[in-house]
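Worksheet for the structure shown next.
Just so it is clear, the structure is predicted and the values come from calculations on it, not from any experiment. Sequence lines set the chain letters: A, B, ... in the order given, protein chains first and strands last, and positions in each chain run from 1.
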Number of protein chains: 2
Amino acid sequence: MTQDTGGPRPVPTLEMVAALAGVSRATVSRVVNDSPSVDPELAQSVKKAILALDYTPNRAARSLAKRRANAVTLIVPESTSKVFADPFFASVVQGIALFLTDTEYTLNMVISSESKPEKTRSFLLGGNVDGVLVVSHHSGDHSWTHLSGSLPMVFAGRPLVGGRESYYVEVDNEQAAYSATRQLTDSGRRHVATIAGPQDMPPGIDRLAGWRTAVREAGLAEGLVEVGDFTLASGARAMHRLLDRGTPIDAVFVGNDQMAAGAYTAIQGRGLRIPEDVAVVGFDDDSFATSVTPALTTVHHPIIELGKKMAETLVNLIEGKPTERVTRMPTSLVLRDSV
Amino acid sequence: MTQDTGGPRPVPTLEMVAALAGVSRATVSRVVNDSPSVDPELAQSVKKAILALDYTPNRAARSLAKRRANAVTLIVPESTSKVFADPFFASVVQGIALFLTDTEYTLNMVISSESKPEKTRSFLLGGNVDGVLVVSHHSGDHSWTHLSGSLPMVFAGRPLVGGRESYYVEVDNEQAAYSATRQLTDSGRRHVATIAGPQDMPPGIDRLAGWRTAVREAGLAEGLVEVGDFTLASGARAMHRLLDRGTPIDAVFVGNDQMAAGAYTAIQGRGLRIPEDVAVVGFDDDSFATSVTPALTTVHHPIIELGKKMAETLVNLIEGKPTERVTRMPTSLVLRDSV
DNA sequence: TTGTAGGCGTTATCAC
DNA sequence: GTGATAACGCCTACAA
């Protein structure tokens, strides 16, 4: 039962506002773009007219005139889209969207089907977009880099190779892993193992490096390493391998929370207690961290912030403002009950 | 070391194509929009010119001329964005994006900050968008419905209230829950409990209803119900309550896989075996299903398909093609090792 | 400070 | 079938 007052009211145009306010279109335009040089009184009446008509500038017309799309697009590599449910990805997108909401840029998304990359390419280069964001978390895959000469572009995560020229935002995985491990060594654990992520992905590599530095500093063994693939199941298997070695283990730093959840099942399945027998520290602070018992001590990512930062960097790039090429987001260790 | 052939080549325009092909802009336009009436030979040479220049139509100009945005926007209610990592949400978006990739519509996303809904509103009504998609999975919240008079709009999930007029796509939760439970009763289980989702969300309500019908048909007790909130922890607690009742239980249908994972810890923590002592069936077929041991028998959602269907419905609506108001997607039971 | 006028790249309506 | 030409809604010198 919607109240219909004579069909859909036509979308108001700048011209209609001008008519209503009794000024020229140029003036209205100035008001809309808050140009400094416009009589305050006039500006007021124009604003009133705008409100009265509920006028919104037409994006297409504006883009056409300014030769600016006022849009940035998020490229989702098809490979990523398979793990689209990756909480990291989701949060990054959320951060991006949140930042852009307060700007004049619109966010649009394309899934770059590998079948026809040239379609994506020409869309991007066709002047329909002012900048590009690429989320390639784990893989470190920075294809598309070749476009960065033609279009501002910001990546999430350190590139696996190259990337000497690409702009990107990442969390300081190594530093975070180091602190997490220090938490273990400082509290007196002497047999600190690690379950690392894949060694062909920056996060896997860097977190392992951080662990290594910490155990070395503490004068502990550097051999207690097993590698998983960031899945819960792989974490369980890796933990079993660690425990099967016969060497004592009283703590483990795990490359992400999902694997940590797997490690929990392995540890507790053998009748060992957390943290009494084995302390566990994870990485990510995702939903697993608080849903397992005991609650997991883990490294918190500011992922949403990372997304915001990506968007901010891109906008700066677009508007020619000075910007850091690489931004490293700080992390923090969240102490819970597993250490 | 990018090969720079004299700065960024200016974006080719329709006019340039016309010049190169030696025809008028009108003709090029016709070719681009493959109008029927154009000499095949001419069309060929025009196409060649397009390829040679790597011409892409300017979206803004096109929109302006056609008075069509060629864009649909996905509204993410801020409440949803908090559970942005919801795998359901992620997959729906993926489906939407996949469908739109093959159309002339662009997908853009806005997070409707509740702080300034009128901004979102005027953006949508300002002629910048041809249609709107709203994902409100769990909540069943169909605010924005009021816009459906002015703009084509499609929702994901059955609305909690009203929705007599809204277009939406959903999975048949009740039917799926019924089949899942039938699997249990048909295989001889006589004490079939359920852990239901929140009773103020359509999926929670409908899945419970499906379970109820099945146990009733089988002549079993209808009282073995505990309610959770779709989280792993709540599933564990609910399972414990069920087990604490003292009544025998040899099977349980759980409202989603996350809660099922929780139920696993409760069951196995008490030394009971799955499926020998208690059979478990979940719902969602998300990553939990295969990462737990034994692998979980669960209901598979065609979530990506649901997203595609939403987009398809919206496009039909926009283009005035006939369309069903509500589409129910079929589900399937994936048999694994937990029954 | 304000208005006039031309142009942004396409589509659409005409004649031809 | 093809080509001028006028919109589409807005911005921006330039002139007043």
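Residue Met329(A) holds its CE atom at 11.0 Å from CD of Glu170(A), rounded to the nearest 0.5 Å. Atom NZ of Lys308(B) sits about 11.5 Å away from atom CG of Leu100(B), to the nearest 0.5 Å. The line from NZ of Lys321(B) to OG1 of Thr313(B) is 12.0 Å long, rounded to the nearest 0.5 Å. Taking CG from Asn58(A) and CG from Leu64(B), the interatomic distance works out to 6.0 Å, rounded to the nearest 0.5 Å.
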Original post:
How does protein reach along nucleotides 8-16 of chain D, written 5' to 3' as B (base within reach of a heavy atom under 4.0 Å), S (only sugar-phosphate), or - (no contact)?
Top reply: BBBSBB---

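OP1 or OP2 of dG3(C) sits under 4.0 Å from a side-chain N or O of Thr27(A).
The nearest whole Å value for the distance from the CG atom in Leu42(A) to the C1' atom in dG3(C) is 12 Å. The CE atom of Met16(B) sits 15 Å away from the C1' atom of dT10(C) (whole-angstrom rounding). Between the CD atom of Gln44(B) and the P atom of dT2(D) there is a distance of 13 Å, rounded to whole Å. Atom P of nucleotide dT10(C) and atom CG of Asn70(B) are separated by 14 Å, given to the nearest angstrom.
Residues Leu74(A) and Asn108(A) have side chains not in contact (no heavy-atom distance under 4.5 Å, counting atoms from C-beta outward). Put simply, the side chain of Tyr105(B) reaches to within 4.5 Å of the side chain of Ile318(B), judged on heavy atoms. Considering only heavy atoms from C-beta on, Val154(B) stays 4.5 Å or farther from Tyr168(B) through its side chain.
Comparing the local axis fitted to the first five base pairs of the helix from dT1(C)-dA16(D) to dC16(C)-dG1(D) with the one fitted to its last five gives a bend of 40°, rounded to 10°.
When atom types are taken as modelled, the side chain of Asn316(A) and the backbone of Thr323(A) share no donor-acceptor pair closer than 3.5 angstrom. A donor-acceptor distance shorter than 3.5 angstrom exists from the side chain of Asp39(B) to the backbone of Glu41(B), with no hydrogens or angles considered. Panel note: side chain Asn33(B), backbone Ser29(B); a donor-acceptor pair is recorded below 3.5 Å.
Across residues 17-24 of chain B, Val23(B), Ser24(B) each have a non-hydrogen atom less than 4.0 Å from an atom of DNA chain D (numbered order).
Closest approach of Met310(B) to Val134(B), counting heavy atoms only: CE-O, 3.8 Å.
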